[in-house]
2 protein chains.
Amino acid sequence: MLKKERHDFIMRQINLHNRVLTSDLVQLLNVSEDTIRRDLQELVDMGLLFKVHGGALSKSYHSSFDDSTVYARDSKIIIAKKATNLIKDGMVVLTGGGTTILEFVKQLPESIQATFFTISPLVAVELAKYNNIEVILIGGLFSKNSQITYGGHVITQLSEIKADLCLMGTSAIHPEEGLTDTDWEINQLKKAMLAASKKSAVLCISEKLDIALRLKVCAIESISYLVTELDATDEALSGYTIKSLNIL
Amino acid sequence: MLKKERHDFIMRQINLHNRVLTSDLVQLLNVSEDTIRRDLQELVDMGLLFKVHGGALSKSYHSSFDDSTVYARDSKIIIAKKATNLIKDGMVVLTGGGTTILEFVKQLPESIQATFFTISPLVAVELAKYNNIEVILIGGLFSKNSQITYGGHVITQLSEIKADLCLMGTSAIHPEEGLTDTDWEINQLKKAMLAASKKSAVLCISEKLDIALRLKVCAIESISYLVTELDATDEALSGYTIKSLNIL
DNA sequence: CGGTATTTTGCGTGTTTTTGAAAGAATCAA
DNA sequence: TTGATTCTTTCAAAAACACGCAAAATACCG
């Protein structure tokens, strides 16, 4: 393999994952550590990446440090990590959009092997960084507010698929009223997503608990998993302890 | 074997595999290393390939490399600005993906009112920033390399729409060979996109001119506009001056 | 046809680039 | 702190390279 091709390979890895480990590259490219180190140094000299102990980072990663703008990011990371346990190799998963789902994708283990359907372009792009995940983006009208596809076309396509698990963020959840929403289109969409999956998991930060909005998506009996940043035994979750709903 | 034959042979190898090793050529062509080196140098001087230690690479191969810094960004901005003149209020536009298209979107006037179909999630997200643009994302399998949707589902949907203008980036364009590509799926996709539009514009940085790859998309007669960073009267564009093709 | 210029090619020589190994310093994680 | 990993520096061998030269082939011209 030519040096230029190695550089190319490394840059592709960087652009894909925003980071790269020296040791991984040694294995993948089958050359000595020294060669990789020299390659990385040359790429640094060209100003294409950023070297750290153990590997290298994307230059743009440095600037994307303003992830702090994501509201309640710490909580969402906890939720995301818990949710990754639901994904097993070989699964077919359907996901919505939103920052929590996006965080969930980032927390997935590197080696996971699965098929993901999603209505969120941003989630699709993030999922594409995993080698063993097949990504199918469901197309349709693109919503400027929620950055997901919606509308009749999306719902038609959802009716044609059957996933093992549906992962969605939530606007509001309530023990009696179940999942609720304010937007008619989003409401329809969520119903269609639930109908397209055998099981469903709702990712929900604790402050959205015990709230009911105008439009009902489904009862909490229709949900299989509720994932919050709280401990499963937490007082605030007592209203949700029914047999069909796993809290984690 | 004549020199010209060797050159042709080398170029065929390059277009086929995107790369070639000096040592391989020595064996295949049964000449000395020096001869091969001289051949490669001459092809470089003609601007047909890219020489590296150990062999040579295709000029278009170069493209996947600099995604982070966006290769030849200045040129792409010039192209993008020119291309925005093609968009009129009320138009239905179909776009592909790639950094040039993305730059084009960023250069659009704030007030533009139009409908955009796209196979690129990133383009969709960028388009969504415009209030008066309706965005329809065409869904399907998501390609990790090119960050666009592809496959049979995309092509089926493309067959159902009719746009006024199709905007696409390009891997290679040649006066006789027309638009060409190396990837079968992308090739099919581009054909479908062209078929779905009344007119078509190709955005192309000058270094992709006069290159022919393995798979043909269409003849240059099928293209309505060719947008490069060069002046329309530039020498390098002389081979493309046919009646049906507007150069800008 | 003969003689001269030009091109092409291969070879020898010396230089540069690339790569891996070794040794010791620096860094990290527990 | 201690042990393990990772880094840096230095060195050596192999591969690839550039340059000049000369033989062979080809083209050109009177």
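The structure presented is a predicted model; accordingly, all values stated were derived computationally and were not measured.
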Open item on the list: Between Asp183(B) and Tyr150(B), do the side chains contain a donor N or O and an acceptor N or O under 3.5 Å apart?
Closed with: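 The answer is no; no qualifying pair exists.
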Open item on the list: Does either side chain, that of Thr35(B) or that of Ser32(B), offer a donor lying less than 3.5 Å from an acceptor on the other one?
Closed with: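 Side-chain D/A pair, Thr35(B) to Ser32(B): present.
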Task: All salt bridge (charged side-chain N to carboxylate O under 4.0 Å, His left out) counterparts of Lys129(B), not counting sequence neighbours - done: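 Residues passing salt bridge (charged side-chain N to carboxylate O under 4.0 Å, His left out) with Lys129(B): Glu126(B).
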Atom pairs and distances, side-chain donor-acceptor, residues 41-53 of chain A, under 3.5 Å, sequence neighbours left out:
from: Gln41(A); atom 1: NE2; to: Asp45(A); atom 2: OD1; distance (Å): 3.2
from: Glu42(A); atom 1: OE1; to: Lys3(A); atom 2: NZ; distance (Å): 3.0
from: Glu42(A); atom 1: OE1; to: His7(A); atom 2: NE2; distance (Å): 3.3
from: Glu42(A); atom 1: OE2; to: Lys3(A); atom 2: NZ; distance (Å): 3.4

Open item on the list: Does Val26(B) reach a base, just sugar-phosphate, or nothing at all? Heavy atoms under 4.0 Å.
Closed with: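 Nothing, no heavy atom under 4.0 Å.
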Task: Distance, rounded to the nearest Å, where His7(B) contributes NE2 and dT7(C) contributes P - done: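 Whole-Å distance recorded here is 14 Å.
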TODO: Round to the nearest Å and state the distance from Gln41(A) atom CD to dT6(D) atom C1'.
DONE: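 Distance, rounded to whole Å: 14 Å.
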Open item on the list: Taking salt bridge (Lys or Arg N to Asp or Glu O under 4.0 Å) as the cut-off, I'd like each qualifying pair that reaches into residues 10-31 of chain B, sequence neighbours left out, listed once.
Closed with: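 Residue pairs with at least one partner in residues 10-31 of chain B: Glu5(A)-Arg19(B).
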- [ ] Flag the pair Ile148(B) / Val123(B) as yes when at least one side-chain heavy-atom distance between them is below 4.5 Å, and no otherwise.
- [x]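 Not touching, per the 4.5 Å side-chain cut-off.
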Task: Pairs touching residues 225-236 of chain A that satisfy side chain to side chain donor-acceptor pair (under 3.5 Å), sequence neighbours left out - done: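 Only Ser206(A)-Glu229(A), Asp231(A)-Thr233(A) qualify under side chain to side chain donor-acceptor pair (under 3.5 Å).
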Open item on the list: Does dT8(D) have OP1 or OP2 under 4.0 Å away from a side-chain N or O of Lys51(A)?
Closed with: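 So the side chain of Lys51(A) is within the cut-off, an N or O lying under 4.0 Å from OP1 or OP2 of dT8(D).
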Open item on the list: Can you tell whether the side chains of Lys190(B) and Asp181(B) come within less than 4.0 Å, N to carboxylate O?
Closed with: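 The answer is yes: the pair qualifies as a salt bridge.
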Open item on the list: Walk along nucleotides 12-30 of chain C from 5' to 3' and tag each nucleotide B, S or - by protein heavy-atom contact under 4.0 Å, base first, then sugar-phosphate.
Closed with: B----SSBBBB----SS--
TODO: Rounding to 10 degrees, work out the angle separating the end axes of the helix from dC1(C)-dG30(D) to dA30(C)-dT1(D) (five pairs an end).
DONE: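 Comparing the first five pairs with the last five, the axes sit 40° apart.
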